[in-house]
A.B. asks: 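Here it is: the structure, laid out below.
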2 protein chains.
Amino acid sequence: MDDIINTLSEAPLFATLTPSVLNDISKNAHPNAHKKGKILFIHGDPAEHYYIVKSGHIKLFRETVDGTQTIIDVLSQGNVFGHTLVFEENTYPYSAEIAESGIIISLPLSDLRDALYNDNTIAINMLRATTNRLRLREKELEHRSTQNASQRIACFFLRHTLQRKNDSLVIHLPYDKMLLAAHLGMQPETFSRALLKLKKDTGIRIEGSSIYLNTLDRLSSYVCSSCSERFPCNG
Amino acid sequence: MDDIINTLSEAPLFATLTPSVLNDISKNAHPNAHKKGKILFIHGDPAEHYYIVKSGHIKLFRETVDGTQTIIDVLSQGNVFGHTLVFEENTYPYSAEIAESGIIISLPLSDLRDALYNDNTIAINMLRATTNRLRLREKELEHRSTQNASQRIACFFLRHTLQRKNDSLVIHLPYDKMLLAAHLGMQPETFSRALLKLKKDTGIRIEGSSIYLNTLDRLSSYVCSSCSERFPCNG
DNA sequence: CGAGAAGTTGAGCGGCATCAATTGTAGTGG
DNA sequence: CCACTACAATTGATGCCGCTCAACTTCTCG
């Protein structure tokens, strides 16, 4: 149980809450081990729980009638999802599938709802978090129209080297290339070719799912000219 | 001054507020007439005000160093923007330009901030509104990868006939085609050709900036198969 | 009425998707 | 532990959608 509270308080969303509030929202929390491929919920299901990723990866996606999937996001450790459905009578706006086996903590939305209406801090934290997410989506929309396939991959690398604090210039792809391709809005074949082009253009070294780079400069000058943000950006 | 309060209370964001709170946030509000082309603020400026559109249209956009613009959104009457920068020390994440002359009410973020920290209702309203916006962006991202140019135009038409309650099947383009093209993420030339194709495929009639359709069915079957939502959707 | 912008149309090109075939890899069960 | 299988990943060939450049027409407004 302490374990759960620890995981919760690692999320920015809940970090600043008082222990008593934290206790209230986590009193009905349940950690569950899930295997790859498991569907947590489907687009349109009535929403009753929200989730926190303790380990593994979650794919959030939507699909059209003909089965075409679009990835909304891929979540990893510490990420919260489904909490935006806290308002009454909501249904999930996307489906969630385990992309990489791991442990997911599920919490009832009703507990969060109670806390939300009582404690202003939660509302403000959630507002902050949702605003940030909105910013990310806007940026993503920009990238889709200003950056080509190779640049989007490079941009992903830059964001993921900056995230890990140590300055060893190695990137380990967090999940398989098919999913990464879909996340970046391209076909696997295109991903493969674009990665090859990126290698030629910037001199990165690729070994399976590890990417080695000598410097960030070449990557950033390759990408950031097609972006409205200055270089050390937050994604 | 009553005028301002009226405009404010039309926005869902402020609709449910008590008169006293509404008074607090609008006490330093100023309506300003602006002409087309006027820049309200630029991406990166320190944010001190937020705005409500009383009339006219606002273009929110970002641009890369080489001058390429991407449209974040085009706002019309009743829309609020900039309010998500209510948290301290923020800068505008995009630029805002008057796309169609009109009256814009500006309000200091500091007043909103005070109200936000005091009144839970505002925080919750803002959370609701921001969450909705996030959903729209996610849907837009989906549309960019599943729909072609003609379908995106048709989707725009559908959303805009549903908005106006009367069932006269006439759509008046709310702003000029160049801006609409940019908003839908395509070039003006592409827009022109795609509209022609749409006409051929669905039998709509086009007269300048007015679009006539006999029925919604043909449009919806043309578009909604490439979307994860069921037909009468909210955009 | 004239100037400048919006809008349309044409020609050509390039990036990405698609289809198809092959190689690489990881997980499964005998 | 290896053989088998299923899927991930790469590579090739081809086609199409939307971008670009350019010319022309239509509209808007001073």
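Order of the sequence lines fixes the chain letters, A, B, ..., with proteins taken first and strands second; residue numbering starts at 1 for each chain.
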A.B. asks: Are A/Phe156 and A/Arg152 close enough that some pair of their side-chain heavy atoms sits under 4.5 Å apart?
C.D. replies: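 Not in contact.
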
A.B. asks: Within the 4.5 Å heavy-atom criterion, are B/Ile42 and B/Tyr92 side-chain neighbours or not?
C.D. replies: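 A side-chain contact under 4.5 Å is absent here.
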
A.B. asks: Can you sort out which residues in residues 176-186 of chain B have a heavy atom within less than 4.0 Å of DNA chain D? Ascending by number, please.
C.D. replies: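 By residue number: B/Gly185, B/Met186.
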
A.B. asks: Which part of the nucleic acid, if any, lies within contact of A/Ala149, taking any heavy atom under 4.0 Å across all strands shown: a base, the sugar-phosphate backbone alone, or nothing?
C.D. replies: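 A/Ala149: backbone/sugar contact only, no base atoms under 4.0 Å.
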
A.B. asks: Could you state the CZ-C1' distance from A/Phe191 to D/dT11, rounded to the nearest angstrom?
C.D. replies: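 Taking CZ of A/Phe191 and C1' of D/dT11, I get 15 Å after rounding.
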
A.B. asks: What pair of heavy atoms forms the shortest contact from A/Pro31 to A/Ile103, and how long is it?
C.D. replies: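 Taking every non-hydrogen atom into account, CB-CG2, 4.1 Å.
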
A.B. asks: Taking the ring centre of each residue, are A/Phe41 and A/Tyr51 less than 6.0 Å apart?
C.D. replies: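 For A/Phe41 and A/Tyr51, the ring centres are under 6.0 Å apart.
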
A.B. asks: Which residue, A/Ile211, A/Ile171, A/Ile153, forms the side chain to side chain contact (heavy atoms under 4.5 Å, CB included) with A/Ile204?
C.D. replies: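 Passing option: A/Ile211.
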
A.B. asks: So which one's nearest nucleotide on DNA chain C is more toward 5', B/Ile206 or A/Gln147?
C.D. replies: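 The residue whose closest nucleotide sits nearer the 5' end is B/Ile206.
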
A.B. asks: Can you list the steps and then say if A/Gln151 with A/Ser226 is a side-chain hydrogen bond (donor to acceptor under 3.5 Å, both in side chains)?
C.D. replies: CA-CA 8 Å; A/Gln151 288 175 316; A/Ser226 326; 2.9 Å; yes

A.B. asks: Going through the checks in order, is the side-chain contact (heavy atoms from CB on, under 4.5 Å) test met by A/His43 and B/Ser228?
C.D. replies: CA-CA 9 Å; A/His43 178 192; B/Ser228 63; 3.8 Å; yes

A.B. asks: Measure from NZ on B/Lys197 to P on D/dC17 and round the result to the nearest Å.
C.D. replies: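 Those two atoms, NZ and P, are 7 Å apart.
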
A.B. asks: Please report, rounded to the nearest Å, how far the P atom of D/dT14 is from the CD atom of A/Glu189.
C.D. replies: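 Taking CD of A/Glu189 and P of D/dT14, I get 16 Å after rounding.
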
A.B. asks: With a 4.0 angstrom cut-off to heavy atoms of chain B, pull out the first and last contacting nucleotide of DNA chain C, in 5'-to-3' order.
C.D. replies: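 Extent of the interface on DNA chain C: C/dA6 to C/dA11.
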
A.B. asks: Nearest-Å distance, CD (A/Gln187) to C1' (D/dT14)?
C.D. replies: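 Checked: the CD to C1' distance equals 16 Å.
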
A.B. asks: Can you check the A/Arg193 CZ to D/dA8 C1' distance for me, whole Å?
C.D. replies: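 The answer, rounded to whole Å, is 15 Å.
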
A.B. asks: To the nearest Å, give me how far apart CD1 (B/Ile153) and C1' (D/dC17) are.
C.D. replies: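 It is 13 Å, rounded to the nearest whole Å.
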
A.B. asks: Just checking, B/Arg205 and B/Tyr212: is the charged tip under 6.0 Å from the six-membered ring centre and within 45° of the axis?
C.D. replies: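 Geometry flag: set, cation within 6.0 Å and 45°.
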
A.B. asks: Compute whether any side-chain donor of one residue and acceptor of the other, for B/His183 and B/Tyr175, lie under 3.5 angstrom apart.
C.D. replies: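 Side-chain D/A pair, B/His183 to B/Tyr175: present.
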
